Amino acid sequence: MIIDWFTQLPVLLVTAGIVFVPGILAFGFAGLRGLPLLASAPLFTVAATAVVALLLGEAGIPWGPLPWALAMVVLVPVALLVGRWSGGRLSDAAPSPLRWILPAAIGAGIALSIWRVVAYVQDPSGVSQTNDAVFHMNAIRYILETDNASSLHVNSVIGGRSFYPAAWHGIVSLVVLLTGAEITVAANMFTLVIAAVIWPLGIAWLARAVTTSSAVAAYAAILAGALQTFPLLMFQWGVLFPNALSTAMIPAAVALVITVPRWAGATRKAAHVVRVALLILVGVAAILLAQPAGILPWMAVCAVWLTFQIFSHLADWRWPWVLVSVVMLWAVVVAIWLYLAQGTSGSHWPPFRGKLEVFLDVLLNGQVTIPFAFGVSALMLVGLIVAARAVALRWFAVAWAGISALYLMVAAIGAPVIRVGILGAWYADPYRIASLAPIVVIPLAAIGADALVRAISARFRRSAEPASTLVGLGATVAFMIVLIIVRPVAMPAVTQGTFDRESRYLASADAFLSPDERELLRKLPEYVPADARIIGNPSTGSGFGYFISGLDVYPRTWATPTTAAWQEIASGLREAASDSAVCDALAVLENPEYVLDFGPGDNSPGRYVMPGMTDFAGQPGFELVTSVGDVSLWRITACAQ
């Protein structure tokens with residue numbers, strides 16, 4: 001397994017280069033240095049890539065590495081001009097006696113996070129055996145074939161005409177075009193970059209921005225992958241690639257806001273205001289174009305910080321001005337929240353936990369029935385006490401309470417006004433909301449770890465601060481190694497009360513996309529004309545047919561069409577020779593010439609049983625074309641003119 005991942009190292013490096021190089025250049029010119037620069041660089045690349053894709057799509061210019069690179073060449077000098085115009089730089093940390101501690105901790109955090117993700121995915125070319133993976137993989141193929149990565153275009157892969165956030169898809173398509181890698185390999189390399197680079201850097205910077213302590217940032221970097229709820233859960237459930245990208249960028253986007261007062265040396269005040277506004281706008285655009293729901297927790301956490309900042313000026317401002325400012329701030333938050341919540345298809349999930357259970361879930365980080373994380377939770381509780389007692393940190397304890405309240409609502413409250421009005425942006429999906437917890441839990445755990453090490457060191461008075469910090473960080477690394485080795489990462493199913501037996505990336509004989517199904521789909525171009533349409537039950541591996549073969553395998557998503565024609569085919573296709581209604585239904589679907597028999601399907605959540613699309617052997621009107629194991633491809637002759 002390890003050798004397979006090492007052979008994909010060039011693809012991983014190209015992916016990291018795409019994500020970080022443009023942002024490092026642009027934000028470096030704008031005045032960021034060190035950890036803030038590295039952590040915020042993906043914000044620029046993600047936002048710029050998605051915006052450029054939109055503009056190219058509207059202009060009719062084909063999408064590809066060259067237009068993308070030329071756009072970056074134009075945008076980076078703009079950042080240089082803004083930086084030169086305003087002057088100064090961001091300074092967000094006190095001097096550290098051991099400057100190498102934080103880089104070493106970040107390196108350890110990245111290595112530990114890579115280990116945890118690789119141990120779960122296992123195969124660098126593996127396909128997530130989940131419903132949403134069908135759409136995401138097919139969308140990448142669609143971008144490559146249509147030369148259009150616009151968020152206004154991608155949804156048409158399934159016949160849609162609406163906006164769909166396609167930043168993740170645009171970056172993966174660039175990786176494929178630049179490296180020639182398989183779509184699955186490119187997607188999995190981007191998964192590593194999101195989970196093991198973007199996230200640890202962002203959470204480390206957020207921890208330092210909150211505390212101004214490099215030691216706390218170092219603890220946060222090492223603990224970045226400690227909780228299953230993020231980043232791992234987003235690559236287990238769904239699979240929710242856009243949510244993962246959006247959530248991973250939230251810490252850096254929050255840090256951009258709360259470090260605004262720490263810019264120093266700006267030569268022109270108006271220019272500096274423009275620069276800061278542009279930096280925050282880039283962060284907002286990156287989150288919105290990755291997955292818009294991510295803007296809500298970002299906005300709420302920033303609003304909590306700003307509220308505390310406003311109240312800290314009570315001595316300088318009059319009470320009416322303070323109250324008006326706070327009310328206006330939260331009115332904007334509520335208005336945007338309600339707008340995004342109403343802009344989705346509403347709540348799809350019922351509550352599933354009791355009131356006492358959800359409080360334990362939050363305090364012990366066992367959201368969505370994941371086994372309690374006792375070690376990290378103990379550190380978090382210590383961090384909460386420290387934050388609640390420190391005036392400068394108290395706002396972050398309130399932010400934790402707000403994020404926790406979202407989970408309490410989604411897990412235990414069934415009122416429609418809550419599930420639609422407040423949680424609708426996430427479809428009231430407990431998995432998506434649970435993934436937000438580490439944004440506040442990890443920095444609090446880092447604060448707790450640092451406080452404990454300091455307390456123990458002071459109690460015994462045996463070591464200087466740098467030495468005690470080194471011991472504490474070493475113990476944290478050891479804790480993470482043990483955690484990764486012994487802690488299960490099985491994906492819980494909250495509605496069924498079960499856990500996955502194994503990784504959802506493993507292609508077993510009874511998987512959504514089995515090895516035989518994948519092999520047959522790969523061979524389709526050898527047997528089927530390029531312009532032919534192939535149908536199949538998308539509740540089987542046939543849903544992946546378009547992305548694997550490049551042929552028109554229909555449907556291209558896990559959800560079945562709701563038309564009467566499709567229902568007729570799903571229930572009675574195998575009777576086409578004796579039922580003219582089936583041929584009429586096939587005509588509505590543009591007379592597909594072939595059908596895949598991957599079995600009847602199943603009736604698990606999001607899946608369907610279609611008895612008419614299996615068992616064609618011996619049925620008049622069907623000719624066997626080829627087969628691999630128990631799966632087969634048939635030519636439909638029953639309706640031939």
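It should be emphasised that the depicted structure is a prediction, and the values quoted were computed from it without experimental measurement. The figures here come from the full heavy-atom set of this structure, side chains too, leaving out hydrogens, waters and symmetry mates.
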Pick from His272, Lys269, Arg275: which one makes a side chain to side chain donor-acceptor pair (under 3.5 Å) with Ser86?
-> Arg275
Hey, mind stepping through Leu223 and Met480 against side chain to side chain contact (heavy atoms under 4.5 Å, CB included) and telling me if it holds?
-> CA-CA 7 Å; Leu223 292 169; Met480 284 296 299; 4.2 Å; yes
Greater than 12 external heavy atoms within 6.0 Å of Phe308's CZ =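 Yes, CZ of Phe308 has more than 12 neighbouring heavy atoms, counting only those of other groups under 6.0 Å.
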Under 3.5 Å donor-acceptor, [X] side chain and [Y] backbone:
X: Ser246; Y: Asn243; value: no
X: Arg419; Y: Ile413; value: yes
X: Arg504; Y: Trp237; value: no
X: Thr45; Y: Pro42; value: no
X: Arg89; Y: Leu32; value: no
X: Thr130; Y: Val239; value: yes
X: Arg116; Y: Gly225; value: yes
X: Tyr431; Y: Val494; value: yes

Quick one: are [X] and [Y] in side-chain contact, heavy atoms under 4.5 Å?
X: Met299; Y: Val284; result: no
X: Pro443; Y: Val210; result: no
X: Leu245; Y: Ile198; result: yes
X: Val301; Y: Trp395; result: yes
X: Leu90; Y: Arg33; result: no
X: His136; Y: Val172; result: no
X: Phe44; Y: Met72; result: yes
X: Val260; Y: Ile280; result: yes

List the steps and the verdict of side chain to side chain contact (heavy atoms under 4.5 Å, CB included) for Tyr407 and Leu436.
-> CA-CA 9 Å; Tyr407 177 76; Leu436 302 174; over 6 Å; no
Considering all heavy atoms, the nearest [X]-[Y] contact:
X: Ala397; Y: Ala387; value: CB-CB, 4.2 Å
X: Ala105; Y: Ile222; value: O-CG1, 3.7 Å
X: Leu423; Y: Met409; value: CD1-C, 3.9 Å
X: Gln228; Y: Val489; value: NE2-O, 3.2 Å
X: Ile24; Y: Ala41; value: N-CB, 3.5 Å
X: Arg99; Y: Pro103; value: O-CD, 3.1 Å

Under the side chain to side chain contact (heavy atoms under 4.5 Å, CB included) criterion, do Val46 and Leu289 qualify, and how do the steps go?
-> CA-CA 8 Å; Val46 171; Leu289 293 169; 5.7 Å; no
Just jot down the ring pair (Phe, Tyr, Trp, His ring centres under 6.0 Å) partners of Trp199, sequence neighbours excluded, or say none.
->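 If we apply the ring pair (Phe, Tyr, Trp, His ring centres under 6.0 Å) test to Trp199, skipping adjacent residues, the hits are Phe230.
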Angle class for the Phe235/Phe241 ring planes (parallel below 30°, perpendicular above 60°, tilted otherwise)?
-> tilted
Trp305-Trp298 aromatic ring centre distance below 6.0 Å = no
Would you say the side-chain atoms of Ser40 and Trp205 include a donor-acceptor pair closer than 3.5 Å?
->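 Trp205 and Ser40 do not have a side-chain donor-acceptor pair below 3.5 Å.
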Please step through side chain to side chain contact (heavy atoms under 4.5 Å, CB included) for the pair Cys302 and Ile258, ending with a clear verdict.
-> CA-CA 7 Å; Cys302 292; Ile258 67 176; 5.5 Å; no
